[in-house]
Amino acid sequence: MTATLTELQKKQIAQAEELLFSGPEKEGFAKELYFGRFRAESVMPFPEVTGETKRQGDEAIARVKQFCRDHIDPVKIDREAMIPDSVIRGLGEIGVLGMTVSKEHGGQGLSQFNYCRVMEVIGAHCASTAVFVNAHHSIGLRALELFGTPEQQKTWMKPMTTGEKIAAFALTEPEAGSDASNVRTTATPTEDGKAFLLNGEKRWITNGGIAQVLTVMARTPDASDPDGKITAFLVTPDMPGFEVVEKRMEKTGIRGTATGRLRFTNVRVPRENILGPIGKGLRVALTVLDFGRTTFGASCTGAAKFCLERMVHRANNRRQFGKSLGEFELVKRKIAEAAADTFAMESATYHTAALIDSGAEDYMIETAMLKVFSSDMLWRICNDALQIWGGAGFFTDQPFERIMRDSRLNLIGEGANDVLRCFVAMVGMRNLKKEGDELKKTPWKMYKMVNITGPSIPIKHEHVRFHARQLSKQIGAFSWACKMAGLKYQEGILDQQAVQARLGDIATELFMASCVYSRVTSLLVNGTLPESVKMHDVATGQLYLRLAFQRNAARFADLKVNFDKDWADVADKWLGHNFPNWVLTPDD
Ligand SMILES: Cc1cc2nc3c(=O)[nH]c(=O)nc-3n(C[C@H](O)[C@H](O)[C@H](O)COP(=O)(O)OP(=O)(O)OC[C@H]3O[C@@H](n4cnc5c(N)ncnc54)[C@H](O)[C@@H]3O)c2cc1C
């Protein structure tokens with residue numbers, strides 16, 4: 001089943017190759033899963049913070065908890081659709097706005113691991129504040145930290161870490177949403193070559209209308225490409241021609257953040273304000289999004305923990321039919337599943353953060369997996385929490401409707417989840433091509449006879465033997481499924497999104513399961529926690545592993561037998577439908 005690629009697809013592939021695979025490429029743990037390998041040393045033992053690093057993190061967490069309690073009122077922020085300046089100033093004063101920035105540049109010099117621990121607290125308390133911090137620190141300031149010249153860093157970073165200057169990251173435009181490479185904003189060099197003139201529009205930019213430093217993506221001329229290439233620029237609102245068209249767009253959730261619409265009319269940006277290499281703006285964007293997605297994972301984990309505590313509280317305190325809600329099996333299930341998936345979110349967040357701290361070069365699919373999994377799970381968990389609270393959960397004196405509105409953004413922002421599912425599948429499978437070419441030499445009828453073996457997974461405790469076997473079996477089956485899909489569809493796999501999404505989701509669950517497996521093993525083998533606490537976590541982690549294997553089994557089955565074609569046929573019929581005499585439509 002081969003397909004001919006369109007010119008547009010060929011161009012997109014070339015762009016993706018340059019963007020994703022032209023830098024240093026050392027296979028991370030997740031990419032190895034596609035080859036059927038479990039690189040134990042990358043994921044085991046489970047990372048732990050100890051000593052001075054732990055002390056620093058504990059102190060930061062204590063400060064942030066106190067600040068949240070005393071100064072951040074999530075209900076008021078949501079109702080008034082505004083994070084007060086005093087909160088922003090306060091976050092600066094306690095170091096949150098420059099957590100991972102080096103001390104030399106005015107930051108706290110915390111590890112990504114500790115930063116994630118802090119973001120978990122903020123995410124549990126107020127999603128608007130978490131997204132504000134994420135936009136400022138994880139993507140705005142981080143771009144400067146990673147790609148800025150020493151002069152740029154000296155000029156901008158200190159006031160950004162204190163909150164005196166707020167950062168924003170401006171990529172999205174009317175024609176460039178999920179397709180970020182379609183940026184239309186242009187940056188034309190001035191005749192003297194000393195500056196660029198920016199023209200275009202950006203929308204939905206967090207902090208866009210309140211920021212003093214914006215990383216703006218614009219298209220610059222390029223000798224090798226008539227469409228030009230995307231370059232990142234540092235823009236300040238005092239530059240003539242910079243206009244905030246809308247400072248705070250009304251929105252569903254995270255209402256406290258200022259989401260803005262911006263226009264640039266001949267904004268003269270000096271050449272010194274180019275951030276990173278010219279023409280490599282998308283590389284800047286993708287790199288900082290890795291950090292943004294990791295802290296997304298942490299914020300979602302915090303919010304999920306908050307919901308879990310509320311579920312337990314209600315289940316223990318509300319009685320119906322002469323019993324507490326917690327005595328009903330279906331309520332128990334919701335609680336246990338929330339606990340298990342939250343454990344997985346937390347485990348993968350800390351694994352990914354530690355990976356970044358270790359100086360690893362390649363974690364782009366880990367961060368995408370973490371973002372997709374944790375946002376999907378939080379969405380279900382807050383829905384279940386509201387359900388356990390019943391009618392009471394529907395009223396605004398309880399936090400659930402706000403958490404639902406807030407959590408909805410996570411499935412769209414920093415890469416829509418469906419787009420990332422396909423990204424995870426295709427990036428992982430891309431490197432398998434060579435092995436697939438080898439397989440092509442095997443006659444079809446021999447395929448069934450191939451013995452699919454899984455990788456060897458270290459078993460350090462009897463309690464994880466079963467899980468190790470399951471994990472290994474599924475990693476082996478997954479690698480085989482990827483090779484078969486590559487062989488079957490060849491380049492036509494690009495048009496098989498349902499297949500990609502299943503493979504992406506299997507890979508994500510295997511990554512999560514690997515992190516959980518590692519953590520459960522560490523707890524069993526050398527945990528310093530009291531036995532009761534330890535076994536509580538072990539049981540929760542083991543439940544997650546069983547759930548993950550069950551969910552993946554369904555996905556494997558779907559790969560074999562599905563009705564993708566019927567779905568597509570029915571969708572096409574509806575897409576061509578005219579809706580005569582339908583319910584009232586926006587055009588009526
Ligand atoms: C509150 C908020 C804050 C934001 N903050 C920022 C910011 O600070 N900076 C910034 O640059 N951007 C920001 N964004 C923009 C955000 O990153 C984009 O919304 C996101 O990338 C998706 O783009 P889009 O909304 O245009 O969706 P579209 O590209 O129009 O896609 C809509 C839907 O179509 C589907 N879809 C699209 N493409 C595919 C595909 N290839 N395969 C399958 N399905 C597909 C997905 O389900 C997707 O959700 C923000 C957005 C919001 C809502």
Side-chain angles (χ1 to χ4, degrees), residues 8-9 12-13 16 78 81 83 127-128 130-143 166-185 200-211 213-218 230 232-233 235 246-262 281-282 284-286 288-289 291-293 295-296 299 368 371-372 375-376 379 405-426 493-502 504-505 567-568 571 575:
L8 179 62
Q9 281 176 317
Q12 286 169 338
I13 291 172
D78 178 62
I83 301 173
S128 285
V131 172
F132 161 77
V133 174
N134 206 30
H136 169 81
H137 186 308
S138 306
I139 56 177
L141 179 50
R142 188 71 84 149
I166 298 301
F169 188 83
L171 172 62
T172 302
E173 305 181 356
E175 299 305 320
S178 300
D179 184 3
S181 63
N182 201 35
V183 162
R184 300 285 105 195
T185 296
E201 207 177 297
K202 297 282 173 188
R203 69 174 181 186
W204 308 341
I205 306 305
T206 306
N207 301 343
I210 60 167
V213 186
L214 298 99
T215 305
V216 177
M217 299 294 161
I230 296 169
F233 290 89
V235 173
E246 210 174 336
K247 192 169 173 181
R248 293 178 182 273
M249 301 172 76
E250 274 291 324
K251 56 193 189 295
T252 305
I254 56 155
R255 287 168 47 77
T257 58
T259 314
R261 204 147 69 81
L262 312 170
L282 283 182
V284 173
L286 268 189
V288 294
L289 283 175
F291 293 91
R293 288 172 187 157
T295 35
F296 244 69
S299 307
K371 189 269 180 184
V372 172
S375 56
D376 277 350
W379 180 239
R405 286 187 284 106
D406 289 344
S407 311
R408 193 61 187 83
L409 183 263
N410 301 331
L411 298 116
I412 300 169
E414 300 202 9
N417 281 10
D418 276 351
V419 176
L420 290 180
R421 283 192 166 83
C422 297
F423 170 83
V424 162
M426 296 312 293
I493 187 77
L494 286 173
D495 296 321
Q496 301 291 327
Q497 285 203 324
V499 175
Q500 290 176 32
R502 286 185 196 107
D505 283 346
W567 269 12
L575 286 164

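Both ligands and their constituent atoms are indexed starting at 1 by order of listing.
The shortest non-hydrogen separation linking Ile205 to Lys202 is CG1-CB, 3.9 Å.
From Asp376, atom CG reaches atom CG of Asp505 across 7.5 Å, with rounding to the nearest 0.5 Å. The distance from the CD atom of Glu414 to the OG atom of Ser138 is 7.5 Å, given to the nearest 0.5 Å. Here Asp406 contributes atom CG and Ser299 contributes atom OG; the two are 11.0 Å apart, rounded to the nearest 0.5 Å. Atom CG of Leu409 is separated from atom OG1 of Thr206 by 7.0 Å, given to the nearest 0.5 angstrom.
In this structure, the side chains of Glu173 and Met217 stay at 4.5 Å or more apart for every pair of heavy atoms. The closest side-chain heavy-atom distance from Thr215 to Val288 is not below 4.5 Å.
For a threshold of 3.5 Å applied to N or O pairs, the pair formed by Phe169 and ligand 1 contains at least one separation below that value. Distances between N or O atoms of Lys251 and those of ligand 1 include no value under 3.5 Å. In terms of polar-atom proximity, Trp204 is counted as a contact of ligand 1, with an N or O under 3.5 Å from an N or O of the ligand. Considering backbone and side-chain N/O of Thr172, one or more are found under 3.5 Å from N/O of ligand 1. At a 3.5 angstrom cut-off on N or O pairs, Leu171 counts as close to ligand 1.
By heavy-atom distance, the residue among Ile412, Val131, Val419, Asn417 lying nearest atom 45 (C) of ligand 1 is Val419. Considering only non-hydrogen atoms, atom 29 (O) of ligand 1 lies nearest to Ser178 out of Ser178, Gly260, Ala211.
Within a 4.0 Å radius of atom 33 (C) of ligand 1, the protein contributes no heavy atom. The protein reaches atom 53 (C) of ligand 1 closely, with a heavy atom under 4.0 angstrom from it. At a distance under 4.0 Å, a protein heavy atom can be found next to atom 20 (C) of ligand 1. For atom 42 (N) of ligand 1, the nearest protein heavy atom lies under 4.0 Å away.
Shortest contact from atom 26 (O) of ligand 1 to any protein heavy atom: Gly177 CA, 3.3 Å. If you check which protein heavy atom lies closest to atom 8 (O) of ligand 1, you get Thr206 N, 2.9 Å. Looking only at protein heavy atoms, the nearest one to atom 49 (O) of ligand 1 is Ala416 CB, 3.4 Å. Atom 44 (N) of ligand 1 has as its closest protein heavy atom Asp418 CB, 4.1 Å.
Judged by distance alone, with hydrogens and angles left aside, the side-chain atoms of Arg293 form no donor-acceptor pair with the main-chain N or O of Ala368 at under 3.5 Å.
Judged as a salt bridge (charged side-chain N to carboxylate O under 4.0 Å, His left out), and not counting sequence neighbours, Arg248 has no contacts. Residues satisfying the ring-ring contact (aromatic ring centres under 6.0 Å, His included) criterion with Phe291, sequence neighbours excluded, are absent altogether.
Numbered from 1 in the order shown, with element, the atoms of ligand 1 that lie under 4.0 Å from a heavy atom of Leu409 read 1 (C), 2 (C), 52 (C), 53 (C). Atoms of ligand 1 found under 4.0 Å from any heavy atom of Glu414, numbered from 1 in the order shown, are 17 (O). Atoms of ligand 1 found under 4.0 Å from any heavy atom of Ile205, numbered from 1 in the order shown, are 7 (C), 8 (O), 9 (N), 10 (C), 11 (O). In the vicinity of Gln497, heavy-atom distances shorter than 4.0 Å reach the ligand 1 atoms 40 (C), 41 (N), 42 (N), 43 (C).
Using a cut-off of 4.0 Å between Lys/Arg side-chain N and Asp/Glu carboxylate O, Asp418 and Arg421 are scored as salt-bridged.
Counting only N and O atoms by type, the side chains of Lys371 and Asn410 include no donor and acceptor under 3.5 Å apart.
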